[in-house]
Amino acid sequence: MSTRIVEIRAKVMRQNDLLAHALRERFETSGVSVVGLVSSPGSGKTAFLEKLLSGLARDFRVAALVGDLATENDAARLKRATPNVRQITTGTICHLDAQMIEKALEGWQLDTLDFLFIENVGNLVCPSSYDLGEELRFVMLSATEGEDKPLKYPTIFNSSDVAIITKMDLAEAAEFDVAAARRNIESVRPGMQIFEVSAKTGSGMQRVFQLLRDQLAHSRETRPALQIQTIQ
Amino acid sequence: MHELSIVLSIIDEIGDQSEALGLKDVETVHLKVGVFSGVDRDALLFAWELACEGTPLEHSRLDIETVPLVIRCAVCHQNRTPPSLYQLCCPECETPSDTIVTGRELEVVSLEVAA
């Protein structure tokens with residue numbers, strides 16, 4: 001039996017990318033700055049996010065979506081900093097996708113927020129394939145994990161905008177070589193901004209707050225003008 | 001493993017296209033996967049078998065073309081293959097590059113169908 005070849009040329013992630021694009025436009029129009037957090041499990045994402053939320057909540061309106069395979073533990077913990085926290089439980093799925101974000105946002109007035117953080121499921125592989133419409137993606141690496149994580153997971157480091165080295169208070173005890181970690185991050189994502197923080201002691205957090213404040217100011221400057229309709 | 005979710009997206013995409021083009025009996029699906037796409041080739045092939053069972057694609061074959069990582073060197077003004085996936089620099093002049101030309105692809109290129 002003969003066969004024929006039919007050209008298709010379709011991006012596999014088309015549906016997710018379209019949805020992520022629509023979310024990004026919605027975030028821009030609402031004036032909310034959206035930051036995604038990715039890392040391996042146990043790198044201190046939730047502790048870092050807790051610090052971010054409580055630090056920013058004094059001056060800004062903040063919210064968070066938290067992805068996990070199961071349990072609402074992280075959301076309960078973060079609610080001490082802000083009531084605007086929703087947990088996304090993914091069941092067996094190892095990443096968040098744009099559809100999950102859209103669903104989780106139902107009923108939220110985005111234009112009443114300044115910052116929205118999206119904590120992805122702890123995983124350095126799968127989240128790299130899914131655009132969630134975020135403005136910035138932070139990839140996190142803890143001082144207890146080893147300096148070569150960026151080399152082992154180059155795709156996720158390369159698809160992120162900012163690297164955060166966490167648990168710096170444990171760096172000395174873990175014999176963590178910060179200079180080597182920085183070199184490895186630079187190797188997989190030349191020019192990437194790198195921050196060293198400890199959520200426990202608060203060291204380095206001020207620089208992250210500054211980055212976020214600058215980002216918010218910048219995105220508000222460049223956001224699309226609101227469509228004002230004249231009533232005839 | 002997110003390859004199963006990705007395979008389900010591919011099956012949806014092919015379903016839409018097949019319907020639009022009036023295609024039946026897809027024998028082979030040609031896919032391009034960049035080495036920097038975050039998707040594993042063997043996991044895709046494994047997930048394909050599982051996900052196609054009981055669908056019109058049950059007897060189809062997945063053919064994967066692997067696309068290498070190519071960066072643009074801002075100094076040499078050339079497209080280059082970096083020394084490895086974790087050294088994004090020019091192999092000639094060692095200048096780091098943040099411009100990826102190929103390697104992130106994840107797309108259905110074509111279908112082979114019964115004539």
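Naming convention: chains lettered A, B, ... in sequence-line order (proteins, then strands); numbering from 1 in each chain.
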- [ ] Would you check if Ser9(B) and Gln15(A) make a side-chain contact, meaning some heavy-atom pair closer than 4.5 Å?
- [x] no

Task: Option that, when pairs with chain A are counted at under 4.5 Å, heavy atom only, ranks first among Cys89(B), Ser37(B), Gly38(B) - done: Gly38(B)

TODO: Give a yes or no on whether Glu49(B) atom CD has more than 12 heavy-atom contacts from other residues, nucleotides or ligands under 6.0 Å away.
DONE: no

Open item on the list: Sort by residue number and list every residue of residues 138-154 of chain A having at least one heavy atom under 4.5 Å from chain B.
Closed with: Leu151(A), Pro154(A)

Task: Distance in Å, Ser129(A) OG paired with Ile6(B) CD1, rounded so as to fall on 0.5 Å steps - done: 4.5 Å

TODO: Answer yes or no: are there more than 12 heavy-atom neighbours, outside Glu53(B) itself, under 6.0 Å from its atom CD?
DONE: no

Task: Approximate separation, where rounding is to 0.5 Å, of Lys11(A) NZ and Leu106(B) CG - done: 9.5 Å

TODO: Rounded to the nearest 0.5 Å, what's the gap from CD on Glu7(A) to NE2 on His30(B)? Could you check?
DONE: 10.5 Å

TODO: Quick one: pull up CD in Glu186(A) and CG in Leu88(B) and give me the separation to the nearest 0.5 Å.
DONE: 10.5 Å

Open item on the list: Side chains of Val12(A) and Leu31(B), heavy atoms from C-beta outward: is any pair under 4.5 Å?
Closed with: yes

Task: chain A contact via Ser84(B) - side chain, backbone, both or neither, heavy atoms under 4.5 Å - done: neither

Task: Straight-line distance of Arg104(B) CZ to Ser128(A) OG, nearest 0.5 Å - done: 9.0 Å

- [ ] Check the surroundings of atom CD in Gln215(A): do more than 12 heavy atoms from other residues, nucleotides or ligands lie under 6.0 Å from it?
- [x] yes

Open item on the list: Taking CZ in Phe195(A) as the centre, count heavy atoms belonging to other residues, nucleotides or ligands within less than 6.0 Å. Is the count above 12?
Closed with: yes

Task: Greater than 12 external heavy atoms within 6.0 Å of Phe209(A)'s CZ - done: yes

Open item on the list: Given heavy-atom pairs under 4.5 angstrom as the criterion, report whether the side chain, backbone, both or neither of Ile100(B) touches chain A.
Closed with: side chain

- [ ] Report yes if some heavy atom in the side chain of His2(B) is under 4.5 Å from a heavy atom in the side chain of Val125(A); otherwise report no.
- [x] yes

Task: Test item: Arg9(A) and Gln17(B) side chains (from C-beta on) under 4.5 Å apart, heavy atoms - done: no

TODO: Using heavy atoms and a sub-4.5 Å threshold, report which of residues 156-174 of chain A line up against chain B, by residue number.
DONE: Asn158(A), Ser159(A)

Open item on the list: Other residues, nucleotides and ligands only: do more than 12 of their heavy atoms fall within 6.0 Å of CD on Gln210(A)?
Closed with: yes

Task: Residues Arg4(A) and Glu112(B) bridged, charged N to O under 4.0 Å - done: no

Open item on the list: Can you tell me which portion of Leu23(B) sits under 4.5 Å from chain A's heavy atoms? Options are side chain, backbone, both or neither.
Closed with: side chain

Open item on the list: Please rank Val108(B), Asp40(B), Val26(B), Thr28(B) by heavy-atom pairs under 4.5 Å with chain A and give me the top one.
Closed with: Val108(B)

- [ ] Could you have a look at Val188(A), Ile5(A), Val6(A) and say which one has the most heavy-atom pairs with chain B under 4.5 angstrom?
- [x] Val6(A)

Open item on the list: I need the residue from Ile8(A), Thr92(A), Asn16(A) with the largest number of non-hydrogen atom pairs under 4.5 Å to chain B.
Closed with: Ile8(A)

- [ ] Of all the heavy-atom pairs spanning Gln87(B) and Ser187(A), show the shortest one and how long it is.
- [x] CA-OG, 3.4 Å

Task: Pairwise distance CG(Asp12(B)) to CZ(Arg14(A)) - rounded to 0.5 angstrom - done: 10.0 Å

